[in-house]
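What follows is one structure encoded as structure tokens, with my remarks underneath.
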Amino acid sequence: MHNAGYVSYENKDGGWNSVVNRDAYTSFGGRSDRGKSAFFNDRGAGSRGRYERGGFGGGTGGNSRWVEESRDEEDWSKPLPPNERLEQELFSASNTGINFEKYDDIPVEATGTNSPGHIENFHDVDMGEIIMGNITLTRYTRPTPVQKYAIPIIKAKRDLMACAQTGSGKTAAFLLPVTQENGKYVRRKQFPISLVLAPTRELALQIYDEARKFSYRSRVRPCVVYGGADIGQQIRELERGCHLLVATPGRLVDMMERGKIGLDYCKYLVLDEADRMLDMGFEPQIRRIVEQDTMPPKGARQTMMFSATFPKEIQILARDFLEEYIFLAVGRVGSTSENITQKVVWVEENDKRSFLLDLLNATGKDSLTLVFVETKKGADSLEDFLYREGYACTSIHGDRSQRDREEALHQFRSGRCPIMVATAVAARGLDISNVKHVINFDLPSDIEEYVHRIGRTGRVGNLGLATSFYNDKNSNITKDLLDILVEAKQEVPSWLENLAYEHQHKSTNRGRPKRFSGGFGARDYRQMAGGGNVFANRGARNTGGHGGSRGFGGNKGYYGGNYGNYGGNYAQVDWWGN
DNA sequence: AAAAAAT
């Protein structure tokens with residue numbers, strides 16, 4: 001639809017398209033143990049391609065190969081004609097004033113065998129005419145630190161575990177190389193070449209929007225599927241062709257079970273916000289998608305995981321999903337860094353509303369303010385209150401309809417409602433430019449959540465403000481909050497310091513693993529002396545009790561039967577008692 | 001005492 005050349009592409013050869021980059025498919029030869037290809041079984045009438053077994057001249061290890069359709073003149077590397085209306089739609093309302101100076105201070109560390117060197121410029125690596133054109137249109141003049149490292153790693157076809165905050169340009173980093181692929185077959189069941197999994201619907205949508213930009217004037221068709229929206233419409237979009245699929249796990253599994261999606265030819269797999277996905281209990285669905293279906297095994301596909309933290313659960317996932325991966329640790333951008341001013345104020349529960357009004361009145365009318373609360377009910381009632389007080393506001397939370405959620409986000413982004421009340425659904429990954437102020441009306445119980453929330457402001461080097469209302473109810477986060485403030489060189493109220501000291505002495509927290517400092521989100525545990533048991537800097541749940549230093553590469557028994565509670569002496573019970 | 005995600 002957005003792809004001007006698409007219709008002719010679909011009609012031209014009744015479905016089959018040439019596979020220009022033959023190499024893309026040769027690697028699947030080794031997976032014959034997975035049974036007959038669904039591709040092969042489910043051929044629609046009228047398909048004219050040929051699938052040969054053992055033909056096509058030797059090659060490396062494959063016993064089956066796609067046959068190139070030489071009569072087809074399509075060249076996927078050449079841009080389609082421009083489309084002015086679409087170009088306007090995709091590239092107009094984005095990207096205000098990136099502070100590139102801030103970026104250069106961000107430390108990046110790549111570890112792993114034969115890690116490719118980083119680039120300094122987009123031109124340092126061949127990304128093709130189409131992508132380069134779209135980079136120009138998005139006005140990304142220079143790669144961000146994540147992009148400098150991740151792009152060559154992905155181009156070198158290496159698996160990647162990247163610990164990077166959102167707002168660091170990681171979406172572009174994994175989409176740039178991935179959108180260069182050729183697609184092929186169009187019909188009832190789609191076989192995407194790239195799959196991106198995201199934890200929330202809005203994040204999936206946002207990644208999809210980015211993907212549309214990078215695939216502009218190419219034949220690559222991105223699609224998105226997520227819950228809460230009309231599945232019929234999503235299916236119709238899929239049936240028009242899907243080379244790059246962005247999805248939330250539940251809806252994807254649904255689509256797979258309906259036979260609308262096959263992952264047999266998925267060459268690139270991206271897990272975004274992986275720690276968040278595990279927090280939300282997606283692990284079974286993710287394993288279902290990655291391990292229990294027709295997805296090529298690790299090694300045959302290329303897998304990239306992005307995660308703000310690198311706790312044990314993620315290390316296990318990395319071990320299971322990644323092959324000889326490069327570990328990329330990226331210093332924080334726009335989260336706890338110094339471009340966000342963090343304030344913590346003592347506000348009793350009953351005073352919160354009037355205090356909030358004071359803050360809102362002190363904020364300029366044009367700047368966006370994001371107000372976080374802990375509960376969905378709290379979000380509704382606070383929005384009501386603000387509305388009655390005459391503020392243009394909206395709200396987003398998981399009990400609102402998907403339509404309302406997207407509408408709210410749009411109203412907020414566009415500035416029509418410069419105040420948005422939100423629950424955790426909006427805490428991670430969402431890239432909303434121009435959020436000047438994040439207010440933690442209710443502090444979260446988890447410091448990780450705090451870091452993500454305040455990361456909605458101060459995006460890409462801009463300045464931001466984060467104000468948190470603190471009272472007795474927040475004692476559980478005191479120590480971690482203090483650490484964050486100190487690390488980000490923020491002013492610390494003396495009462496907070498005192499409380500943290502007291503709390504430390506009565507809490508059971510003393511045995512928790514020591515966190516790292518120095519600006520990296522996590523360390524590559526493989527590099528540690530003795531090989532392991534390293535937890536992420538922040539937010540790693542205490543998975544303690546293993547006593548450290550046993551590596552887990554090739555030590556599978558170590559985790560045997562221990563999934564889900566991670567053993568040890570720490571009851572996996574959260575603050576709510578779940 | 002919760003949020004998120006398939007219906």
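Residue numbers begin at 1 in each chain, while the letters A, B, ... track the order of the sequences. Every heavy atom of this structure was used, including side-chain atoms; hydrogens, water molecules and symmetry mates were not.
- Using a 4.0 Å cut-off, some side-chain N or O of A/Thr423 falls inside it from OP1 or OP2 of B/dA4.
- A/Glu257 comes within 4.0 angstrom of a base, heavy atoms only.
- In this structure, CG of A/Leu252 is placed 10 Å from P of B/dA6, rounded to the nearest angstrom.
- A salt bridge does not link A/Arg301 to A/Glu291: none of the charged side-chain nitrogens sits closer than 4.0 Å to a carboxylate oxygen.
- Per the geometry, CZ belonging to A/Phe282 stands 6 Å off P belonging to B/dA6, to the nearest Å.
- In this structure, A/Arg276 reaches neither bases nor backbone, as no heavy-atom distance under 4.0 Å exists between it and the strands shown.
- The side chain of A/Val253 approaches B/dA6 more closely than any other nucleotide in the set B/dA2, B/dA6, B/dA5.
- Between A/Arg201 atom CZ and B/dA6 atom C1' there is a gap of 8 Å when expressed in whole angstrom units.
- Per the geometry, CD1 belonging to A/Ile396 stands 9 Å off P belonging to B/dA4, to the nearest Å.
- Residue A/Gly228 is in sugar-phosphate contact alone, with no base atom involved, counting any heavy-atom pair closer than 4.0 Å across all strands shown.
- Across the protein-nucleic acid pair, A/Ile235 atom CD1 and B/dA6 atom C1' stand 12 Å apart, rounded to whole Å.
- Between A/Lys376 and the phosphate of B/dA4, there is a side-chain N or O to OP1/OP2 separation shorter than 4.0 Å.
- A/Arg405 comes within 4.0 angstrom of sugar-phosphate atoms only, judged by non-hydrogen atoms across all strands, and of no base.
- Take A/Ser395 and apply the side-chain hydrogen bond (donor to acceptor under 3.5 Å, both in side chains) test, not counting sequence neighbours, and it matches A/Glu383, A/Arg400.
- In this structure, A/Tyr450 places its OH atom 20 Å from C1' of B/dA2, rounding to the nearest Å.
- Outside the 6.0 Å centre-distance limit, the rings of A/Phe372 and A/Phe441 are not counted as a close aromatic pair.
- B/dA6 atom P lies 14 Å from atom CD1 of A/Ile261, rounded to whole Å.
- Of the possible polar contacts, none joining the A/Lys260 side chain to the A/Glu239 backbone as a donor-acceptor pair under 3.5 Å is found.
- Between B/dA6 and A/Thr248, a contact under 4.0 Å exists linking OP1 or OP2 to a side-chain N or O.
- When rounded to the nearest whole Å, the span between CG of A/Asp254 and P of B/dA6 equals 9 Å.
- Every residue two or more places apart in sequence or in another chain was checked for a side-chain hydrogen bond (donor to acceptor under 3.5 Å, both in side chains) with A/Arg403, and none qualifies.
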